[in-house]
Amino acid sequence: MTTSVATSNAVLDELREKIASLEGAGMRRRSVLPFGVGEIDAQLPGGGLAFGALHEVAGGGNGAIDGAAAALFIGGIAARTTGKVVWCLTRFDLFFPALAQVGLHPDRVIFVECDKEETVLASFEEALRYGGLGAVVAELVRLPMTASRRLQLAAEKSGTLGLVIRRWRRQAEASDFGMPTAAVTRWRISVLPSEPLPVPGVGRARWLAELMRVRSGEGGQFIIGACDGKGRICLSSDAADRSDQARRSFAQS
């Protein structure tokens, strides 16, 4: 009887080890969300945006155009996740067809409209703690360090991708984007002239994506093609004017 019990326990222990190994491999595969662009993924620890972490994105200029590009950049990231996406905001001014064009269809999104930023923060944290979601997005003017730490801890606990769009309506609010937060990455997105075509017409939209901060990594600047119908970006094929466009964008920001 003792021998039988010992054998049974050994089999169970071996089975548990195999399950743990499989789960561990699955978690490693799902630990990051790659962009699929080698030059960008190489700048990110693990080769992509970390799940279970907070990421910040803002428009590079003062106008609504760069802010819209930042929202589409976020939408493309969320589109490449699996599961429902919770989007918390105070003003319901998103353009659904534009989100659908970057692969994030409205039927995947649960919109949470709040009366003030404090409620956005609370809803954002609650959704992050819930788990089981593809991503959680929040539109915020300010992101205090204490609040960002709570959000980062909530994302770590559930393994959910937390995405913050920094949106402001007055120039005085823009300076808050430079203040320290607990976000693992910080991005700035600026609109550039579209891809040139060999014939008259409008080419693929282009953005200057600045990775301004990345924990345990180095930042960088990339001229990219805007998100396609599956949320994917690419490096611009028109590399000749990269440095000129980058300098022009910095001069305007």
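Atom NE2 of His55 and atom CD1 of Ile165 lie 13.5 Å apart (nearest 0.5 Å). Glu117 contributes atom CD, which lies 5.0 Å from atom CG of Leu140 (distance to the nearest 0.5 angstrom). Separation of atoms CG (Leu72) and SG (Cys227) is listed at 7.0 Å; rounding is to 0.5 Å. Note that the CG atom of Leu192 and the CG atom of Asp66 stand 9.0 Å from one another [nearest 0.5 Å]. Of the inter-residue distances, the one linking Phe73 atom CZ with Ile233 atom CD1 reads 5.5 Å to the nearest 0.5 angstrom.
Each salt bridge (Lys or Arg N to Asp or Glu O under 4.0 Å) pair with one or both residues in residues 123-135, not counting sequence neighbours, appears once here: Glu125-Arg129, Glu125-Arg150. For residues 35-50, no pair satisfies side-chain hydrogen bond (donor to acceptor under 3.5 Å, both in side chains), with sequence neighbours left out.
Linking ILVMFWY side-chain heavy atoms closer than 4.5 Å, directly or via other members, places Phe92 and Phe95 in two distinct hydrophobic clusters. Cluster membership for Met145 and Val120, using ILVMFWY side-chain heavy atoms within less than 4.5 angstrom, is not shared.
Side-chain contact annotation: Ser236 with Glu195, donor-acceptor N/O pair under 3.5 Å present.
Residue Phe96 places its CZ atom among more than 12 non-hydrogen atoms of other residues, nucleotides or ligands, all under 6.0 Å distant.
Closest non-hydrogen pair, Arg80 versus Pro34, comes out as NH1-O, 2.6 Å.
Salt bridge present: Glu56 and Arg166 bring a charged side-chain N and a carboxylate O closer than 4.0 Å.
Checked against ring pair (Phe, Tyr, Trp, His ring centres under 6.0 Å), Trp207 has no partners two or more places apart in sequence or in another chain.
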